[in-house]
Amino acid sequence: MSGGKHARPKGTRDWMPEDATARRRVEQAFRHTAAVFGFQEIITPTFEHTEIFIKSSGEGSDVVTKEMYSFEDRAGRNLTLRPEGTPGVVRAVLEERMKPPLRLYYHGPYFRYGRPQKGRLREFHQLGVEVIGERNPAVDVEVIQLGAWFFERLGIADCATQLNSIGCRECRPAYRAELVAFLSGRVAALCEDCRTRLERNPMRVLDCKRETCRLQFAEAPKPAGHLCPSCAEHFARVRAELDRRGLRYELNDRLVRGLDYYNRTTFEYLSARIGAQDSIGGGGRYDYLFEEFGGPSLPAVGFALGLERTMMAMAENPAPARRRLAFLVCVTEAQRPAAVDLLARLRADGVAAQMSYEDKPGRQFKAADAARAACCVVLGPDEVARGTVSLKDLVTGEQTEIPANIVIPEVRALFRD
RNA sequence: GUGAGUGUAGCUCAAUUGGUUAGAGCACCUGACUGUGGCUCAGGAUGUUGGGGGUUCAAGUCCCCUCACUCACCCCA
């Protein structure tokens, strides 16, 4: 039933033990992939001064104008729960005077105020990487490859990589003017949203989802066709290197990412199986952001992926296996002290063990089953008299009596399969 | 922020055109089982029908408000 007295805040979720386990696996896989590519972890605060995000995402962006969790602290400082990862990393790199080139990865919770839907929460989690201080197009490719490998490792088969280039300071103004000129002649055919986009951020008109708008854009000038020579070369080298590494991608000349700080390469990973919010990750180059933060001119490229969306795109987990947990059962209370001692020995040896304090053995087995334990270690008068224990495999139901002193290796052996 | 849809037991869902005591499956509890979980059988408990107001002789059912969830738009992970 929904709407109890103490319900979760809107747009948040609970991670039940099974969910938490699955999430850990994804996070570990990401750590591993990032580490293999030479990245090191960086952890930055969950909230920052609000101006950090305004500066990087852009004053008029939707994220800034209507999606931030901002608040004043008790001393009147204006703070914001981070809506994305890159600004905090950039700030930290400058503030801590870290020496480029840098390869950093991060993960954690992010916050955006908006109406929740499938694949969009108010508190969500991202995993991301940033390469700072490298201009070479091969680095863009490495970052794209990292993401592709990661998704592949998770078994996300139907994941498409889309690629585009949106130019730089040199070529964008001219292109932009041309696009505006083109669109201005067709305002009447555009939807309400696109008309406001035309004024605010014309390039966004390109990825409108409406069929009527899309028809208009068929002949619209595209960013990739208006690159300056050096951007064109960069883009060509990115594509050549992707091909050389055998990475599959599709060009999407409408891929214009939402955050203002991107330039040149932009890319996105899409999954068809997670609903309308089909982007499971995306990124691109941001060669100007450090300057805008008052730092040196530092080229950079990175990407972030959504943990929740990624997990939705993953194949359903197979039947939940039993836990690597041994459950102690004592047949009568007389064996309780011996059982408690054995419990401690198992735990001291790193074997997860637990026991029920029900009196009847039947209850204790039931508790073991309910806890999804892999086996029971049974202590009864007979076993104690013989210096043995009975080990019951809860999957097969087989029970064997073994010398008490080999319990730990036997339980371990049982866990192995 | 905009729009649409949905809220009935722990879960999934029933309940004639408004009509008497709101049902079923699964799960749960008890027993058959005084040294053994799952399987079987026999019993058992469970609801302020999300909340508040209204219409009516009568509301789970109709109307209004509110809350929550879902999906989509916007935007993005």
Side-chain angles (χ1 to χ4, degrees), chain A residues 1-13 57 60-68 82-86 107-128 147 191-194 196-197 200-201 204 207-210 256-259 268-271 274-283 303-313 322 327 329-332 334-335 356 358-384 390-399 401:
Chain A
M1 196 186 297
S2 59
K5 201 74 184 144
H6 302 290
R8 231 171 312 122
K10 196 185 190 72
T12 62
R13 61 164 291 186
S57 298
S61 67
D62 272 52
V63 172
V64 168
T65 55
K66 53 182 214 190
E67 291 182 347
M68 293 205 303
R82 59 184 182 189
E84 51 167 325
T86 304
H107 76 100
Y110 295 85
F111 307 86
R112 238 117 99 168
Y113 191 94
R115 191 173 293 197
Q117 75 183 77
K118 190 182 179 83
R120 184 167 61 204
L121 293 165
R122 288 182 174 178
E123 182 190 40
F124 60 103
H125 299 79
Q126 287 192 347
L127 310 164
C191 70
E192 195 73 22
D193 291 325
C194 281
T196 59
R197 285 189 188 111
R200 279 242 212 107
N201 190 349
R204 311 238 34 162
D207 60 3
C208 182
K209 286 171 185 165
R210 289 177 198 242
V256 176
R257 295 187 50 77
L259 303 165
E268 200 161 306
Y269 303 97
L270 266 34
S271 168
I274 60 170
Q277 307 300 316
D278 59 355
S279 168
I280 55 179
F303 91 97
L305 60 94
L307 175 71
E308 288 84 357
R309 288 187 190 176
T310 297
M311 291 182 69
M312 279 193 283
R322 283 188 178 261
F327 224 94
V329 171
C330 26
V331 175
T332 76
Q335 290 83 49
S356 156
E358 294 279 356
D359 49 356
K360 294 183 185 169
R363 303 282 194 150
Q364 297 179 49
F365 276 95
K366 210 176 172 76
D369 189 47
R372 307 301 297 157
C375 65
C376 283
V377 176
V378 187
L379 287 166
D382 300 346
E383 284 87 351
V384 169
S390 292
L391 180 61
K392 178 166 184 173
D393 183 330
L394 288 180
V395 179
T396 63
E398 271 174 49
Q399 182 168 320
E401 193 170 344

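Residue numbering restarts at 1 for every chain, and letters A, B, ... go by the order of the sequence lines. Keep in mind that what you see is a predicted model, and the values were worked out from it rather than measured.
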Separation of L305(A) CG from I280(A) CD1 (nearest 0.5 Å): 7.5 Å
Sugar-phosphate only, base, or nothing, as touched by G119(A) at under 4.0 Å among non-hydrogen atoms: base
rC33(B) to rG10(B) separation - C1' atoms, rounded to the nearest Å: 27 Å
P gap between rG60(B) and rG54(B), integer Å: 15 Å
Interatomic distance at C1', rG51(B) relative to rA4(B), whole Å: 22 Å
Whole-Å gap separating C1' (rG1(B)) and NZ (K66(A)): 5 Å
V378(A)/F365(A) under side chain to side chain contact (heavy atoms under 4.5 Å, CB included): CA gap, chis, key distance, verdict: CA-CA 10 Å; V378(A) 187; F365(A) 276 95; 3.6 Å; yes
Base rC74(B) to side chain R120(A), donor-acceptor N/O within 3.5 Å cut-off: yes
Spacing between L127(A) atom CG and rA77(B) atom P, to the nearest angstrom: 13 Å
Sidechain N-carboxylate O distance under 4.0 Å for R322(A), D369(A): yes
Whole angstrom value for the distance that separates P of rC74(B) from CE of M68(A): 22 Å
Q364(A) (side chain) donor-acceptor with E358(A) (main chain) under 3.5 angstrom: yes
For nucleotides 31-36 of chain B, which of its nitrogen or oxygen atoms have a protein nitrogen or oxygen under 3.5 Å away, and what is each distance?
residue	atom	partner	partner atom	Å
rG35(B)	O6	D382(A)	N	3.1
rG35(B)	O6	D382(A)	OD1	3.2
rG35(B)	O6	D382(A)	OD2	2.5
rG35(B)	N1	E383(A)	OE1	2.8
rG35(B)	N1	E383(A)	OE2	3.2
rG35(B)	N2	E383(A)	OE2	2.6
rU36(B)	O2	K392(A)	NZ	2.9
rU36(B)	O2	Q399(A)	OE1	3.3
rU36(B)	N3	Q399(A)	OE1	2.7
rU36(B)	N3	Q399(A)	NE2	3.4
rU36(B)	O4	Q399(A)	NE2	2.6

Pairwise P distance, rG23(B) and rC28(B) [rounded to whole Å]: 23 Å
E398(A) atom CD, over 12 foreign heavy atoms within 6.0 Å: no
Touch class at under 4.0 angstrom, heavy-atom based, for G281(A) against every strand present: sugar-phosphate
Nearest-angstrom distance from the residue atom CG of D278(A) to C1' of rA72(B): 13 Å
Base-pair map of RNA chain B as dot-bracket, where | denotes pairing with a different strand and pairs are Watson-Crick or G-U under 3.5 Å: (((((((..((((.....[...)))).(((((.......))))).....(((((..]....))))))))))))....
Gap in Å between the two P atoms, one belonging to rC11(B) and one to rG1(B), rounded: 28 Å
Residue whose nearest RNA chain B nucleotide is more 5′ - G11(A) or L305(A): G11(A)
Integer angstrom distance from the P of rA24(B) to that of rC57(B): 33 Å
Interatomic distance, E308(A) CD vs rU70(B) P [rounded to whole Å]: 13 Å
Q277(A) side-chain proximity, nearest of rA77(B), rG37(B), rC74(B): rC74(B)
Near-parallel close stack of Y110(A) and rA77(B) base (under 5.5 Å, under 30°): no
Euclidean distance for P, rU49(B) against rA22(B) (whole angstrom): 10 Å
Side chain of L394(A) (C-beta onward), nearest among rG37(B), rA77(B), rA72(B): rG37(B)
Sugar-phosphate only, base, or nothing, as touched by L307(A) at under 4.0 Å among non-hydrogen atoms: nothing
By salt bridge (charged side-chain N to carboxylate O under 4.0 Å, His left out) - contacts of E401(A) (at least two apart): R386(A)
Inter-nucleotide C1' distance (rG7(B), rU12(B)), Å rounded: 14 Å
Separation between CD of E308(A) and CD of Q277(A), rounded to the nearest 0.5 Å: 13.0 Å
Touch class at under 4.0 angstrom, heavy-atom based, for A276(A) against every strand present: sugar-phosphate
Side chain E123(A), main chain R13(A), donor-acceptor under 3.5 Å: no
Whichever of I274(A) and I280(A) has its nearest RNA chain B nucleotide further upstream toward 5': I274(A)
Spacing of R13(A) atom CZ relative to rU70(B) atom C1', expressed in whole Å: 15 Å
Euclidean distance, atom CZ of residue R115(A) to atom P of rU70(B) [Å, nearest integer]: 12 Å
Rounded distance [0.5 Å steps], NZ in K366(A) versus NZ in K360(A): 11.5 Å
Quiz item: cation-pi between R122(A) and F111(A), 6.0 Å / 45°: no
Length of the CD-C1' vector between Q117(A) and rC73(B), whole Å: 8 Å
Exercise: identify the closest heavy-atom pair between Q117(A) and A276(A): NE2-CB, 4.3 Å
Side-chain N,O (K10(A)) to OP1/OP2 (rC69(B)) below 4.0 Å: yes
